[in-house]
Number of protein chains: 2
Amino acid sequence: MQLDLAGDLHDLFRDIVDIRSESLHEDQLADTVEESLRGCDHLTVTRIGNSIVAATNLGRDSRVLVAGHLDTVPVADNLPSHVETRDDGDYLVGRGTCDMKGGVAVALHLAATLAAPSRDVTWVFYEAEEIAAEHNGLLKVRSHEESLLDCDLAILMEPTDAIIEGGCQGTMRFTLTTEGQAAHSARSWAGHNAIHDLLPILQILQDWQADGDHLVEVDGLTYHEGLNATMVQGGLAGNVVPPTATVQINYRFAPDKTAQQAEQMMRTMFADWTMEILDLSSPARPGLDKPLARSFARSVGTTPMPKYGWTDVARFFEMGRPALNFGPGDAIYAHKADECCKLSSLDDCARALESWLRERSEGDH
Amino acid sequence: MQLDLAGDLHDLFRDIVDIRSESLHEDQLADTVEESLRGCDHLTVTRIGNSIVAATNLGRDSRVLVAGHLDTVPVADNLPSHVETRDDGDYLVGRGTCDMKGGVAVALHLAATLAAPSRDVTWVFYEAEEIAAEHNGLLKVRSHEESLLDCDLAILMEPTDAIIEGGCQGTMRFTLTTEGQAAHSARSWAGHNAIHDLLPILQILQDWQADGDHLVEVDGLTYHEGLNATMVQGGLAGNVVPPTATVQINYRFAPDKTAQQAEQMMRTMFADWTMEILDLSSPARPGLDKPLARSFARSVGTTPMPKYGWTDVARFFEMGRPALNFGPGDAIYAHKADECCKLSSLDDCARALESWLRERSEGDH
């Protein structure tokens, strides 16, 4: 199957959405994308696993990388997609519409139609963003041939409702475990209650919430940190003094600190308990002070906002590449059963990106 | 199969233990017990479901009821039983040895051998004590023909290591649920954290622990209350602000208060949360001030202790019958995979009970 990349953007969007591509099952969509891009003479196409890199090589002063992941979270009886007319416009509804095949559609459309952009462009369509990092297509491309990701600015087409969201916050998930001593609850003084021992942990969390609003300004954007218990579990039975209890905590931290600094803060704050780190992902500074990013922001026109969630822009930040998030769809619908994307949001993104990629470059890299 | 009730007590014990009788599967043991008791001419035998009542009718001044349940918790690869010689004596090891076929063996042996006790005796062997009350054999006998349980003193042969344990504490299990608002943890300020809201509940529990030792004297015995969180659970995923959290609490209360009073105390203490009561069982006052109980205590010789756990003595208390716990085996082994009972503990119980049931009654009811 070959997609009509240069045709109607909304039709292309729907075609892509209706090709199921849950993580680790992107083969069919990757085949289709590869085949379609190979039909564009102005692009050099490379495939690594189920990730496809298509680049112009026009010798421009600067290179922009535009990336979108092909995979989705599991389908929840929400495919094939359908169009719904709502008060504020038409939406495509179904798995992947928000996260993030709208961005993929825009990128594919522009990859095919912008034969001579004012900046060289590397279009990246990659696999397995929604699951563990070991499968991540961007990392596979990087380890296979990092130069394929060379760029002066990376634009990740995560859903931002067509505004620029700069950088991303880091995230650290860890568990704290309290240790008690089991006993029959009828003779509870013979044991030690591990659930009761969660009290000082919850007290620390409450004190943190009460200690200001945790807004952190970085490079002109205001991030918003969060420190939350997200899961708690403890106890063996209703008549047993619990010998252990575990609380899982998620710290979302602004890009003014490194992952290592964030970890050290948590280790200091919760020094009294056994800590197991489940994951720790570096944040990315927004980098909107860079000329190319400034130029793109001017072209988009709306005020850039901080990205609160964690995205693969952090991987570009690690590689020393400025990166930002910009794509159609409201992230609030990501992963939900009623996932959807307003169709006009695709048009807004396509228009902004196209006009910027057509405008005369001012040596802005 | 017929048991040799009048033969060696230890052999009888082992025979009974090796007839599996998990709750709701007591048929085979009940058949065997019934058949064996029907061989005793001095007993009137009644069977209701898998419970057997065998009574003398000698016109004595007082009637003692001796009860033991036939069922066990599930076998955990710990049958058939075996004898182990330990430093302090021989033990029978296996499911049901402690809870409570040692008591059943003693009762069966004395039922057969005491043809003319000084007090009339009603021997009760009943089903389904280890599971929900709706199945309880004692309650079934009661609802079928309550007069079968008439007595001046009930002795429940629960494991007490051959001392008298008076009354029992009541127990109330309930859950408290906190309600929050889910949100992605990267935008946690959009939600409300239900796990954090457990803090004041844990604070109340801690304050209660700190507020004295919760010893309560009732009729000369000192009970020991407990108020414990036994289970806690909350959260949807590691990156979601938890919308609900639930803590299960178990209040073990002394028999100076009724179940209704205990419930009211908990409702007052935790008035700010949604409470769901999982079970609420009345305590039993020890009743050791009654003449027949005093006489039995004198005969046993050791100092009576309070029963901390909940037992079916509470059901006799509800019926207005004094009741106490007295049986072989250390309750600490009940329900454990290495469940066991010291054989000499059976002999101690049998000797004490037999000598009391043979001694001249002094009109002590």
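None of these values were measured; they are calculated from a predicted model. Below, read A as the first sequence line, B as the second, and so on, with proteins coming before strands; counting in each chain starts at 1. Hydrogens, waters and symmetry mates play no part in the numbers below; they use all other heavy atoms, side chains included.
Interface summary for chain B: among A:Arg252, A:Gln169, A:Glu225, A:Gln248, the most heavy-atom pairs under 4.5 angstrom belong to A:Arg252. Comparing A:Gly191, A:Pro242, A:Gly226, A:Cys168 by how many heavy-atom pairs each has under 4.5 Å with chain B, the most go to A:Pro242. Across B:Asn228, B:Thr171, B:Val241, the residue that shares the most heavy-atom pairs under 4.5 angstrom with chain A is B:Asn228. Comparing A:Leu278, A:Asn250, A:Thr246 by how many heavy-atom pairs each has under 4.5 Å with chain B, the most go to A:Asn250.
Taking 4.5 Å as the heavy-atom cut-off, the residues of residues 208-224 of chain B that approach chain A are B:Gln209, B:His224, ordered by number. Below 4.5 Å, heavy atoms of chain B meet heavy atoms from A:Ile195, A:His196, A:Leu198, A:Leu199, A:Leu202, A:Gln203, A:Leu205, A:Gln206, all part of residues 195-206 of chain A. Contact residues of residues 174-188 of chain A toward chain B are A:His184, A:Ser185, A:Ala186, A:Arg187, A:Ser188 (heavy-atom distance under 4.5 Å). Taking non-hydrogen atoms and a 4.5 Å limit, the residue list of residues 229-236 of chain A in contact with chain B, ordered by number, reads A:Ala229, A:Thr230, A:Met231, A:Val232, A:Gln233, A:Gly234, A:Gly235, A:Leu236.
How far CZ of A:Arg315 is from OG of A:Ser281: 6.5 Å, rounded to the nearest 0.5 Å. B:His69 contributes atom NE2, which lies 7.5 Å from atom CG of B:Asp312 (distance to the nearest 0.5 angstrom). Summarising the geometry, atom CZ belonging to A:Arg95 is positioned 10.5 Å from atom CG belonging to A:Asp77; distances are rounded to the nearest 0.5 Å. Rounding to the nearest 0.5 Å places CZ of B:Phe316 at 6.5 Å from CG of B:Leu156. The structure places CD of A:Glu165 at 10.5 Å from CG of A:Leu324, a figure rounded to the nearest 0.5 Å. In this structure, A:Cys340 SG and A:Asp330 CG are separated by 8.0 Å, a value rounded to the nearest 0.5 Å.
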**Request:** Mind running side chain to side chain contact (heavy atoms under 4.5 Å, CB included) on B:Asp207 and B:Met269 for me, showing each step along the way?
**Result:** CA-CA 11 Å; B:Asp207 291 347; B:Met269 193 177 281; over 6 Å; no

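The part of B:Leu227 that comes within reach of chain A is its backbone (N, CA, C, O), which places non-hydrogen atoms under 4.5 angstrom from that chain. There is no contact between B:Ala190 and chain A, counting heavy-atom distances below 4.5 Å. There is no contact between A:Ala194 and chain B, counting heavy-atom distances below 4.5 Å. With a threshold of 4.5 angstrom between heavy atoms, B:Asn239 approaches chain A through its backbone and through its side chain. Looking at A:Trp310, neither its backbone nor its side chain comes within 4.5 Å of chain B, counting heavy atoms on both sides.
Scanning both residues, A:Ala162 and A:Phe326, for their nearest heavy atoms gives O-CE1, 3.4 Å. Taking both residues in full, the closest heavy atoms of B:Ser282 and B:Ala314 are given as O-CB, 3.2 Å, listed atom of the first, atom of the second, then distance. Smallest separation of non-hydrogen atoms from A:Ala259 and A:Pro283: N-CD, 4.2 Å. Contact detail for B:Ala334 and B:Cys98: the closest heavy-atom pair is N-SG, 3.7 Å. Annotation for A:Pro304 and A:Leu288: closest pair CB-CD1, 3.5 Å, computed over non-hydrogen atoms. Nearest heavy atoms, B:Pro255 versus B:Ala284: CB-O, 3.2 Å.
B:Tyr333 OH: 12 or fewer foreign heavy atoms inside a 6.0 Å radius.
Among A:His135, A:Met100, A:Glu22, A:Glu129, the one residue that satisfies the side chain to side chain contact (heavy atoms under 4.5 Å, CB included) test with A:Asp71 is A:Glu129.
Counting only distance, with no hydrogens or angles, the side chain of A:Asn78 and the backbone of A:Ala337 share a donor-acceptor pair below 3.5 Å. With A:Ser345 contributing its side chain and A:Gly329 its backbone, the two residues share a donor-acceptor pair below 3.5 Å. When atom types are taken as modelled, the side chain of A:Glu130 and the backbone of A:Ser23 share no donor-acceptor pair closer than 3.5 angstrom. In this structure, B:Asn325 contributes its side chain and B:Gly167 its backbone to a donor-acceptor pair below 3.5 Å.
Side-chain contact check for A:Val247 versus A:Trp273: every heavy-atom pair is 4.5 Å or farther apart.
B:Glu263 and B:Tyr251 form no side-chain donor-acceptor contact under 3.5 Å, judged by distance and modelled atom types alone.
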